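Beneath this line is the structure, given in structure tokens, with notes to follow.
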Protein chains: 2
Amino acid sequence: MLERKVKTVRALERGLDVLVEVQTRRAVSLHELHQALHLPKATLLRMLLTLGRKGLVWQRLADGAYLPHLGAAARGTGSAVEHIAEIASPYMKALSTRVAWPSVLGVPRLDHMEILETNSPLFRLDSAILGPVGVKLSYIHTATGRAYLAACDESEREAIIARLRPKDAAPGSEDDLRAILAETRGRGYALREPLHPWPDRSKQLVLRDGRRSMAVAIMAGGAPIATINLTWPAKRGTDEAVMQRHLEALQQTAQAIGRAVADQSGGGQGR
Amino acid sequence: MLERKVKTVRALERGLDVLVEVQTRRAVSLHELHQALHLPKATLLRMLLTLGRKGLVWQRLADGAYLPHLGAAARGTGSAVEHIAEIASPYMKALSTRVAWPSVLGVPRLDHMEILETNSPLFRLDSAILGPVGVKLSYIHTATGRAYLAACDESEREAIIARLRPKDAAPGSEDDLRAILAETRGRGYALREPLHPWPDRSKQLVLRDGRRSMAVAIMAGGAPIATINLTWPAKRGTDEAVMQRHLEALQQTAQAIGRAVADQSGGGQGR
DNA sequence: GGCCGCGTTGCATGAGGTGAAACCCGCGAA
DNA sequence: TTCGCGGGTTTCACCTCATGCAACGCGGCC
């Protein structure tokens, strides 16, 4: 293998350098690649397009960063769940063309929801900037968090609530939360209203950012694995109008993503 | 990602096709790639050289087949043990330049040792053709099998012996086997002599192929994970001379491979 | 011995990879 | 508001370098 008289293929060689670079750093911008590999950006762009077409890397909407596609590697390692962002990304892009407001994809963590992807850069409006990837959202005060809590298994819900319950929780406040979640579950989508008394991360910020938000869970295999929301400025007309207009699209998108994740976990190996 | 005005890099594109093809079929010959991808062999050769240099594929000595390098994929999935063949291959190539006879790398299976790699194609002698990859060797009648049995943990040894014990085993024959293994362990290397009465796969073949063979275990983390042997024609001078001359090289090679495997499993991620 | 299949090498040709330069676009500063 | 800047994107003319034909080596098999 090592010794061979023939020359190597330079274009392939450099392309593989890019691939390896993307794989080692988990997320990388064009500019970072540029200064790491000393290749002109134009060249990098063409290589990334090629790698993308072959399904080896993908570009996150949230920040345009290039990420490795784990699929080929973990072939058969189950859990396409780790790829939700990658799988959801194209659906969120499509969603951005159907509705006028940006969305965020969130996944549950121990005591918060984490943003994995957002299509907000696709909107021109400066009011549309949603937190970058990695931002932590409250389970209690955000539509995203409530959508997950309402959809998840009871034992999981209990565990999360227990984790968030303040020492000095007002009597009855926990029942209020449960009532909110029950209503959310019945309604089929979550809102950041009504207000709930417990403190939790960035509660104040949520309260006064002047936005409204609705969210639904993404289900796969009977369990919620993520959520997707829609955020719009509060001043924008009546909330009911917005919600009526876009709820269906949001739910359809969530279902489509859930189906795609289930498909990947099951038989197909994608592309 | 999908839509982009710029052109893709054809050379990279085709190279990735080759990579993917090698990854999906686990082992593939140049000719197979040729008819699968409809690329001239010369081109394929250059691409494979490039992929090899980047550590994404490697070529098996045994049959020249190209195999994917699992490393990048399973990064952190531990057990470099599955890569023994890949890791051992270069050492076996080096060994072929130090000694005059071919070697085989074997790993334990339920009731036999399986050949994973051999450097025999590097020898011109037609007497040197050793079974292709996948051949099953007897634990009892081959040096390779005995080397493993002698080196492994007692409980594992007992399990294997129990599995192989014939219903009508002659009294004392099992003790004979244990004695053989004990002597092997003390000596530090295994031989296919002395004969043992139990029947086992291809016993007859081993008895009359007119060859002699010696083998040592490859240790990693205190346990044997594979074996490497040396085979030569029986007619070739005195066996003692051959063994004296090459035993050290064989043991050094086994140790080097064991160390390489341990290194990969531990810290480094190889390329 | 001669044929065939497969891997390998050499080399002339022009397809296509390359990167400088220009363009775009959003952002922050003035 | 304009300007400048830093990133990403596109264009395009140059000329390397990927390409595949052709020829060779070698071992196996009839």
Side-chain angles (χ1 to χ4, degrees), chain A residues 1-19 22 27-53 57-66 102 120-130 132, chain B residues 1-19 22 27-53 57-66 102 120-130 132:
Chain A
M1 195 76 242
L2 297 127
E3 21 51 44
R4 190 68 52 74
K5 278 73 189 178
V6 297
K7 292 184 302 199
T8 63
V9 181
R10 199 179 70 123
L12 177 55
E13 206 164 13
R14 308 162 115 220
L16 293 174
D17 285 339
V18 174
L19 175 60
V22 171
V28 60
S29 71
L30 183 66
H31 186 62
E32 287 174 303
L33 285 174
H34 169 57
Q35 35 192 38
L37 300 175
H38 306 108
L39 291 177
K41 295 183 183 178
T43 303
L44 286 171
L45 231 25
R46 264 168 291 138
M47 289 170 170
L48 287 167
L49 173 64
T50 308
L51 290 169
R53 282 250 223 274
V57 305
W58 65 284
Q59 190 170 19
R60 188 159 57 190
L61 294 174
D63 51 9
Y66 294 93
S120 76
L122 298 180
F123 295 83
R124 300 312 178 80
L125 320 151
D126 44 343
S127 66
I129 40 175
L130 301 182
Chain B
M1 197 72 241
L2 297 127
E3 20 53 44
R4 190 65 56 72
K5 279 73 190 177
V6 297
K7 293 183 301 197
T8 63
V9 181
R10 202 180 67 123
L12 176 55
E13 207 164 12
R14 308 160 118 222
L16 293 174
D17 285 338
V18 174
L19 175 60
V22 171
V28 60
S29 71
L30 182 66
H31 186 61
E32 287 174 302
L33 285 174
H34 169 56
Q35 39 192 37
L37 300 175
H38 305 109
L39 291 177
K41 294 182 183 178
T43 303
L44 286 171
L45 231 24
R46 262 167 294 138
M47 289 170 170
L48 287 167
L49 173 63
T50 308
L51 290 169
R53 282 249 223 275
V57 305
W58 65 284
Q59 190 171 18
R60 187 159 57 190
L61 294 175
D63 51 10
Y66 294 93
S120 76
L122 298 180
F123 295 84
R124 301 311 178 82
L125 320 152
D126 44 344
S127 65
I129 39 175
L130 300 182

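Numbered from 1 within each chain, the chains take letters A, B, ... in sequence-line order. All values reported here derive from a predicted model rather than from experimental measurement.
- The backbone N or O of B/Val9 lies less than 3.5 Å from a partner atom in the side chain of A/Thr50, making a donor-acceptor pair.
- Residue A/Arg14 places at least one side-chain N or O under 4.0 Å from the OP1 or OP2 atom of C/dG19.
- The CG-P distance, from A/Leu44 to C/dA20, rounds to 12 Å in whole Å.
- In this entry the distance linking CG of A/Asp63 with P of D/dG7 reads 15 Å, nearest Å.
- Per the geometry, CG belonging to A/Leu122 stands 15 Å off P belonging to C/dC25, to the nearest Å.
- When every heavy atom of A/Pro40 is checked against every heavy atom of A/His34, the shortest pair comes out as CA-ND1, 4.2 Å.
- Annotation for A/Leu39 and A/Val18: closest pair CD1-CG2, 4.4 Å, computed over non-hydrogen atoms.
- In this structure, CG of B/Leu48 is placed 13 Å from C1' of C/dT8, rounded to the nearest angstrom.
- B/Ala11 comes within contact range of the sugar-phosphate backbone alone, with a heavy-atom separation under 4.0 Å but no base atom that close.
- Put simply, CZ on A/Arg10 is 16 Å from P on C/dG16, counting in whole angstrom units.
- Spacing between atom NE2 of A/His34 and atom P of D/dT9 amounts to 14 Å, rounded to whole angstrom units.
- When each of A/Ala42 and A/Val9 is assigned the nucleotide of DNA chain D bearing its nearest heavy atom, the one mapping closer to the 5' terminus is A/Ala42.
- Only one option out of B/Glu32, B/His38, B/His31 pairs with B/Gln35 in a side-chain hydrogen bond (donor to acceptor under 3.5 Å, both in side chains); it is B/His31.
- Straight-line distance from the CG atom of B/Leu45 to the P atom of D/dG20: 14 Å, rounded to whole Å.
- Between A/Leu16 atom CG and A/Thr8 atom OG1 the span is 10.5 Å, to the nearest 0.5 Å.
- Here D/dG7 is the nucleotide among C/dG7, D/dC17, D/dG7 with the atom lying nearest to any side-chain atom of A/Lys41.
- Across the protein-nucleic acid pair, B/Leu30 atom CG and C/dT9 atom P stand 11 Å apart, rounded to whole Å.
- Of the listed nucleotides (C/dC6, D/dG20, C/dG19), C/dC6 has the atom at the smallest distance from the side chain of B/His31.
- The side chain of B/Ser29 lies closest to C/dG7, out of D/dC21, D/dT9, C/dG7.
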